[in-house]
Structure formats: structure tokens, C-alpha cells
Amino acid sequence: MTLATLRLELRVGNCESLREKRRRMQAIMSKLRQHFNVSITEDGRIDDPAHALLIVAVVGRTRRDTRETLERVADAVAAYPRAELLSQVITEV
């Protein structure tokens, strides 16, 4: 079994408040959980409504499986029209 994490830094467009940003992040996280069966959280320490940090964790049989899943998650987030993916980092544990 292999555990891997993905750190996604996003720029969220047209968010005027932290409440609006959290609402958008909840929508993204819910869809990712359902579609990819991953664990995901938002780093709540970022108080800028225009930026967000998501951390995704997945467990798989092989390193290749976990990496492929996280790459697909990153691609899905990059395709989301209301957020711009600034950076992504995959870490295997």
C-alpha cells in the first residue's frame, strides 16, 4: 500500500469574501471526493479570498496508481473555470 499527497495552490477568481471562497472550495472538494474517492481538505490558514490551498490524500496498491489518481485530480482542478491552478506538488509517503 502506498500513500501519496497532492498540494494544489489555486487563485480563485471573483471572490470578494472568505465565505464565498469557502463555498466554492466546498463545491470543488465535494466533486473530487465523489469522483476520485480521495480525502481532501482546504488549508484554512490562508485569509486571502483570492487564494486557496487544497491538500489531497490517496491510498493505492502501487506508487503508480496513487500518482495517476493524483495527476487526474490535478487535471480536473485545472479544468475548473472559476479557479486557476498555480502550482501542484505530489509527495509520496
Side-chain angles (χ1 to χ4, degrees):
M1 300 295 274
T2 301
L3 170 67
T5 61
L6 170 65
R7 181 180 171 175
L8 300 167
E9 184 180 352
L10 305 170
R11 180 177 307 143
V12 185
N14 300 327
C15 274
E16 300 298 323
S17 67
L18 291 174
R19 177 178 284 174
E20 185 177 353
K21 178 182 90 168
R22 285 191 192 105
R23 186 177 53 83
R24 283 195 194 168
M25 292 300 102
Q26 286 297 327
I28 292 172
M29 292 187 312
S30 176
K31 289 178 184 177
L32 292 174
R33 277 187 199 108
Q34 291 173 357
H35 191 269
F36 295 104
N37 194 25
V38 295
S39 296
I40 185 167
T41 189
E42 178 186 5
D43 187 344
R45 296 176 290 176
I46 298 178
D47 290 334
D48 182 3
H51 287 88
L53 180 65
L54 297 179
I55 301 164
V56 184
V58 65
V59 176
R61 293 189 116 149
T62 65
R63 295 171 79 180
R64 180 178 168 201
D65 289 343
T66 56
R67 182 169 281 281
E68 285 177 358
T69 299
L70 292 178
E71 287 172 354
R72 289 193 330 242
V73 168
D75 291 343
V77 171
Y80 187 71
R82 293 185 180 178
E84 177 186 355
L85 182 59
L86 300 175
S87 70
Q88 66 184 40
V89 177
I90 295 176
T91 305
E92 296 171 351
V93 180

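Since this is a predicted model, take the numbers as computed values, not measurements. Along the sequence shown, residues are numbered consecutively beginning with 1.
When hydrophobic clusters are built by joining Ile, Leu, Val, Met, Phe, Trp and Tyr residues whose side-chain heavy atoms come closer than 4.5 Å, directly or via intermediates, F36 is grouped together with I28. One hydrophobic cluster, built from ILVMFWY side chains closer than 4.5 Å, holds both I90 and V56. Under a hydrophobic clustering in which Ile, Leu, Val, Met, Phe, Trp and Tyr are joined whenever their side-chain heavy atoms come within less than 4.5 Å, directly or via other members, V93 and M1 fall into the same cluster. By the rule that hydrophobic residues join a cluster once side-chain heavy atoms approach within less than 4.5 Å of another member, L53 and V38 end up as members of separate clusters.
Residues L18 and P49 approach most closely at CD2-N, 4.0 Å, considering heavy atoms. In this structure, M29 and L54 approach most closely via the heavy-atom pair SD-CD2, 3.8 Å. The two atoms that bring E20 and E16 nearest to each other are OE1-N, 3.4 Å, heavy atoms only. Smallest separation of non-hydrogen atoms from T66 and V59: CG2-C, 3.9 Å. Nearest heavy-atom pair across K21 and D48 is NZ-O, 3.3 Å. When all heavy atoms are compared, the tightest approach of L6 to L70 is CD2-O, 3.4 Å.
Atom CZ of residue R45 and atom CG of residue D43 lie 4.0 Å apart, to the nearest 0.5 angstrom. Here T91 contributes atom OG1 and L3 contributes atom CG; the two are 10.0 Å apart, rounded to the nearest 0.5 Å. Distance SG/C15 to CZ/R23: 7.5 Å, rounded to 0.5 Å.
Using a cut-off of 4.0 Å between Lys/Arg side-chain N and Asp/Glu carboxylate O, R67 and E92 are scored as salt-bridged. Ion pair E68/R72 not flagged as a salt bridge, since none of the NZ, NE, NH1 or NH2 atoms sits closer than 4.0 Å to an Asp/Glu carboxylate oxygen.
With contacts defined as side-chain heavy-atom distances shorter than 4.5 Å, the pair L85/L10 qualifies. Contact of the N14 side chain with the R82 side chain is not registered, since no non-hydrogen atoms from C-beta on lie closer than 4.5 Å. With contacts defined as side-chain heavy-atom distances shorter than 4.5 Å, the pair V12/M25 qualifies.
Residue R33 places its CZ atom among more than 12 non-hydrogen atoms of other residues, nucleotides or ligands, all under 6.0 Å distant.
Looking only at distances, a side-chain donor or acceptor of T69 sits under 3.5 Å from a matching main-chain atom of D65. A distance-only check finds a donor-acceptor pair linking the side chain of R24 to the backbone of G13 [under 3.5 Å]. With hydrogens and angles ignored, the 3.5 Å screen pairs no side-chain donor or acceptor of S30 with any backbone N or O of A27.
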Exercise for the section: Take L86 and H51 through the side-chain contact (heavy atoms from CB on, under 4.5 Å) test and state the conclusion after the steps. Expected result: CA-CA 9 Å; L86 300 175; H51 287 88; 3.8 Å; yes
